[in-house]
Amino acid sequence: MREVIKSSDRGYADHGWLKSFHSFSFADYYNPRRMGFGPLRVINEDRIAGGTGFGTHGHRDMEIISYVLSGELAHQDSMGNGKPGGANAGVIRPGDVQRMSAGTGVMHSEFNHSKDGETHFLQIWLMPDRQGVTPGYEQKHFAEADKRGRLRLVASPDGAQDSVSIHQDARLYAGLFNGDERAELPLAPDRLAYVHVVRGRLSVNGEALGAGDALQLAKEAAITLEAGEDAEVLVFDLPV
């Protein structure tokens with residue numbers, strides 16, 4: 001089974017300071033056919049104007065991943081991250097992957113770290129494999145060279161290959177493809193896959209996809225990525 005979801009089919013919200021595309025039902029955007037895919041519940045492509053952001057708000061029982069494309073995202077939370085003396089500086093830049101496990105409950109805020117330039121990032125939510133975990137935070141940088149022409153594991157349940165750890169049997173890969181660069185990811189028959197093209201153009205299992213497009217896969221042996229045109233892509237290997 002495969003289904004192409006075009007960028008133009010996503011929900012869209014313009015709040016002035018925030019412009020957001022929703023791959024799945026979120027806030028005022030509701031599509032009963034787009035409630036998630038396996039444990040993948042949210043992919044929001046957000047653009048935050050300079051000097052603005054999300055004020056302090058709460059989450060619980062969700063694995064939240066932030067992936068910055070341009071600009072800088074400043075994060076503060078009730079675990080002390082982003083605050084003076086905190087464990088992490090809490091500023092996320094291109095190439096960084098941030099994971100926050102909301103678990104039993106966490107309060108946090110996210111702001112554009114620049115007063116002038118726009119911050120462009122993806123906010124990703126995955127439902128955890130169990131509820132009530134202790135809230136946690138990780139932030140790691142993945143060099144462009146490690147993603148060039150290949151899929152770099154950036155999130156996994158066991159922190160494999162120095163990826164961030166999530167409370168779900170899911171794996172997230174990031175890759176950069178151009179020209180004749182090509183990669184293949186084998187899939188187990190009982191797994192789902194979701195491919196989201198962040199920017200550029202890319203052929204995925206023979207399907208031509210552009211920025212914001214996605215491909216849902218089930219019961220396929222592998223994902224093949226090729227014919228990239230300045231493409232950046234995220235690939236989710238998910239349980240049913």
- So CG of L192 and CG of L40: to nearest 0.5 Å the spacing works out to 10.0 Å
- Query: Is there a side-chain contact between Y194 and L238 (heavy atoms, below 4.5 Å)?
  - Reply: yes
- Given R47 and D14, is the salt bridge (Lys or Arg N to Asp or Glu O under 4.0 Å) satisfied, shown in steps? CA-CA 10 Å; R47 295 177 185 270; D14 185 345; over 6 Å; no
- Message: Quick one, E63 and W125 - any side-chain contact, counting heavy atoms below 4.5 Å?
- Response: no
- Query: How many angstroms lie between CE in M107 and OG1 in T56, if you round to the nearest 0.5 Å?
  - Reply: 6.0 Å
- In Å, rounded to the nearest 0.5 Å, how long is the span from CG of N31 to OG of S25? 5.5 Å
- Message: Aromatic contact between F111 and W17, with the criterion being ring centroids under 6.0 Å apart: yes or no?
- Response: no
- Heavy-atom distance under 4.5 Å between the side chains of Q168 and P239, does that happen here? yes
- Query: So do the side chains of R171 and S163 get within less than 4.5 Å of each other, counting heavy atoms only?
  - Reply: no
- Give, for atom CZ of F54 and atom NE2 of H108, the distance between the pair rounded to the nearest 0.5 Å. 8.5 Å
- Rounded to the nearest 0.5 Å, what separation is found between the CZ atom of F37 and the CD atom of E3? 8.5 Å
- L73 side chain near I48 side chain, heavy-atom distance below 4.5 Å: yes
- Any side-chain heavy atom of V195 sitting closer than 4.5 Å to one from L234? no
- Under a 4.5 Å side-chain heavy-atom rule over Ile, Leu, Val, Met, Phe, Trp and Tyr, are V240 and L215 clustered together? no
- Message: For D129 and H167: C-alpha separation, side-chain torsions, deciding distance, then whether side-chain hydrogen bond (donor to acceptor under 3.5 Å, both in side chains) applies.
- Response: CA-CA 6 Å; D129 56 11; H167 296 93; over 6 Å; no
- Task: Find the distance between CG (L176) and CZ (R199) and round it off to the nearest 0.5 Å.
- Result: 8.0 Å
- Check: Y137 ring centroid to H75 ring centroid under 6.0 Å: yes
- Query: If every non-hydrogen atom of M1 is compared with every non-hydrogen atom of E220, which pair is closest and at what distance?
  - Reply: O-OE2, 3.7 Å
- Message: Tell me whether E144 at atom CD has more than 12 heavy atoms from other residues, nucleotides or ligands lying less than 6.0 Å away.
- Response: no
- Message: I'd like to know whether Q123 forms a side-chain hydrogen bond (donor to acceptor under 3.5 Å, both in side chains) with S66, so could you lay out the CA-CA distance, the side-chain angles of the two residues, the decisive distance to 0.1 Å, and finally the verdict.
- Response: CA-CA 5 Å; Q123 181 180 167; S66 296; over 6 Å; no
- Message: Assess whether a salt bridge exists between K140 and D162, defined as any Lys/Arg side-chain N lying under 4.0 Å from an Asp/Glu carboxylate O.
- Response: yes
- Give a yes or no on whether a salt bridge exists between E45 and R10, defined as a side-chain N under 4.0 angstrom from a carboxylate O. yes
- Task: Start with the C-alpha distance between N112 and E118, add both sets of side-chain angles, then the distance that settles side-chain hydrogen bond (donor to acceptor under 3.5 Å, both in side chains), and finish with yes or no.
- Result: CA-CA 7 Å; N112 187 334; E118 179 182 80; over 6 Å; no
